[in-house]
Asks: 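Shown below is the structure under consideration.
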Amino acid sequence: MSLKTTLLTLRAFWRARRRLHAATRDQLISAQQRHLNAFLDRDAAQVPAFAAYRGQPLSSWPVMDKATLMGNFAAYNRLGLTAEEGWAHERAGTTPKGYAIGASTGTSGNRGLYIVSEAERCRWLGVMLAWALPDVLTRAHRVAIVLPANSQLYDTANESGRLKLRFFDLTAGIEQQFAPLAAFRPTVIVGPPKFLRALAGADVPVHPEQIFSGAEVLDPADRQVIEERFGLTMREIYMATEGLFGVSCPLGTLHLIEDHIAFEFQPVDGSSHLVNPLITDFSRTRQVMVRYRMNDILELAESACGCGLPHQAIKQIHGRQDDVFHLAGPHGAIASITPDVIRNAVVRSDPSIRDFRVLQTGPNAVTLLLPPEAAQALDAACAGLQALFEKCGTHPGIEARAERLTPEAGRKLRRVRVLAEAPRP
């Protein structure tokens, strides 16, 4: 790591640590508003997509999403880089000088591009370390990253000298990572719940000091199995192609990183307590993300976390907006049912259910899958779903069967999922 990179990373690290310890909620939001206003006036309005909105309050700026971004990528970055040029760089493994280009795995939809400067990569690393590994300056960590795709952001971490980081390619198979992981002897493991749960159920001689879940929804049942196996409190990293959004505190509560991102929350159809976030990342100035609609479904915590952090706590990430069931009801009505209530209807029907899939396969058709060892719970789970659907005013046909549920190594595990086009309200 160059001296410049080291200094930039350390600066971001110490700033993030200072904010974590010093801010009250009012101070945090006041500082956020100052940085946000400066970003909107100085940086965001310099890209073509937002030039007309300079001087206007955030609420007047347009909402964007992945389709908007990828439809005119050049309009949202300061380099004028087109999506075609970005994909060419990504395929060739090249980058414009001083920048990193990467892409999402595409395991849950269309792939998305990102471009970050060297300074932004260092800031990402410094903030990540401040939240997740604050003792990194006094001890070395061996960090295993188990994901379907590597990233130049992880390369930055490996250059730090305080981390020995190794990437394990999940697309090569889940079980295939066990032996090399044991040989690496990680002190920290970062991976999706499907991998961590498989690891917890296997006789693999690993003894991590910390485990972080990422890239997939962490179901309570998975959390319980993993925590019991390793004797640790599971922590989460809420991160996507669009940026780093949250990290769990040592108590296991996920907090949003509001020092760098302003969050707006929109209600989710079919729920009185779930929201979709709009993110405005005022720490990134080269690819501008203003009021970017995430596809995630969040449940906000109603009270502050016992750790004392003033940052908004998240009770749970429940899934994706794409996984809200829209089922036909009487007289042309449409019932919107969110993944959390579908999940609860299944797992509460029988205590033996530790894994499942519920799939919407048509406008009025649902498939329920349980593993063979829980086949005796099919009737109870089916009855639980029928009761839920009736309460919501819909009566889909439910096909229920037992079969082996093997998570795909290269795809995100989504236990509640819409497979077919459905009517929308």
Asks: Could you pull out the closest heavy-atom pair between Leu405 and Leu370, with the gap in Å?
Replies: CD1-C, 4.1 Å
Asks: For a side-chain contact (heavy atoms from CB on, under 4.5 Å) check, start with the C-alpha distance between Val206 and Leu181, then their side-chain angles and the critical distance, and finish with the verdict.
Replies: CA-CA 8 Å; Val206 291; Leu181 186 71; 4.2 Å; yes
Asks: Please name the pair of heavy atoms, one in Val418 and one in Val324, separated by the smallest distance, quoted to 0.1 Å.
Replies: CG2-O, 3.5 Å
Asks: So does Glu390 have more than 12 non-hydrogen atoms from other groups sitting under 6.0 Å from CD?
Replies: yes
Asks: Under a 3.5 Å cutoff, is there a donor and acceptor pairing between the side chains of His89 and Thr94?
Replies: yes
Asks: Working note: Asn77 + Val288, criterion side-chain contact (heavy atoms from CB on, under 4.5 Å); need CA distance, chi angles, decisive distance, verdict.
Replies: CA-CA 6 Å; Asn77 70 80; Val288 177; over 6 Å; no
Asks: Considering non-hydrogen atoms only, spot the tightest contact between Ala49 and Tyr76 and give its length.
Replies: CB-CE2, 3.4 Å
Asks: Quick test of your reading of the model: are Arg354 and Asp219 salt-bridged, counting only N-O distances below 4.0 Å?
Replies: no
Asks: Evaluate Lys315 against Leu274 for side-chain contact (heavy atoms from CB on, under 4.5 Å), listing each step before the verdict.
Replies: CA-CA 10 Å; Lys315 185 175 181 180; Leu274 302 181; over 6 Å; no
Asks: With a 4.0 Å cut-off, would you call Glu216 and Lys194 a salt bridge?
Replies: yes
Asks: Kindly indicate, with the supporting measurements, whether the criterion side-chain contact (heavy atoms from CB on, under 4.5 Å) is fulfilled by Leu137 and Leu10.
Replies: CA-CA 10 Å; Leu137 299 182; Leu10 284 173; 3.8 Å; yes
Asks: Is the closest side-chain donor-acceptor distance between Arg78 and Gln287 under 3.5 Å?
Replies: no
Asks: Do you see a donor-acceptor pair shorter than 3.5 Å between the side chains of Asn276 and Asn295?
Replies: no
Asks: Which atom pair, heavy atoms only, marks the closest approach of Asp41 to Gly55?
Replies: OD1-N, 3.5 Å
Asks: Got a salt bridge between Arg284 and Asp43, using NZ or NE/NH1/NH2 to carboxylate O under 4.0 Å?
Replies: no
Asks: If you compare all heavy atoms of Thr394 against all heavy atoms of Ala328, which two are closest, and at what distance to 0.1 Å?
Replies: OG1-O, 2.5 Å
Asks: Before accepting this row, confirm whether a basic side-chain N of the pair Glu228/Arg223 lies closer than 4.0 Å to the acidic partner's carboxylate O.
Replies: no
Asks: Does one side chain, of Thr138 or Asp135, offer a donor that lies under 3.5 Å from an acceptor on the other?
Replies: no
Asks: Is it the case that the side chains of Asp281 and Tyr292 hold a donor-acceptor pair, with the cut-off being a distance below 3.5 Å and no angle test?
Replies: no
Asks: Taking the six-membered ring for Trp, are the ring centroids of Phe195 and Phe168 within less than 6.0 Å of each other?
Replies: no
Asks: Tell me whether the centres of the aromatic rings in His311 and Trp131 are closer together than 6.0 Å.
Replies: yes
Asks: Out of Arg229, Arg197, Arg343, which one pairs with Asp222 under the salt bridge (charged side-chain N to carboxylate O under 4.0 Å, His left out) rule?
Replies: Arg197
Asks: Quick one: do the Asp26 and Thr24 side chains pair a donor with an acceptor below 3.5 Å?
Replies: no
Asks: Passes side chain to side chain donor-acceptor pair (under 3.5 Å), Arg54 versus Gln46? Steps please.
Replies: CA-CA 9 Å; Arg54 185 190 300 272; Gln46 292 189 28; over 6 Å; no
Asks: How far apart are the closest heavy atoms of Ala345 and Gly384, and which atoms are they?
Replies: CB-O, 3.9 Å
Asks: Please report the C-alpha distance between His255 and Gln312 in whole Å, then the side-chain angles of each, then the deciding distance to 0.1 Å, and finally whether the side chain to side chain donor-acceptor pair (under 3.5 Å) criterion is met.
Replies: CA-CA 6 Å; His255 293 268; Gln312 174 66 54; over 6 Å; no
Asks: Give a yes or no on whether a salt bridge exists between Arg414 and Asp323, defined as a side-chain N under 4.0 angstrom from a carboxylate O.
Replies: yes
Asks: Do the side-chain N and O atoms of Gln360 and Arg417 include a donor-acceptor pair separated by under 3.5 angstrom?
Replies: no
Asks: Taking atom types as modelled, is there a side-chain donor on His273 or Asp340 under 3.5 Å from an acceptor on the other?
Replies: yes
Asks: Out of the candidates Ile189, Leu196, Leu232, Leu199, only one should pair with Ile226 under the side chain to side chain contact (heavy atoms under 4.5 Å, CB included) rule; please name it.
Replies: Leu196
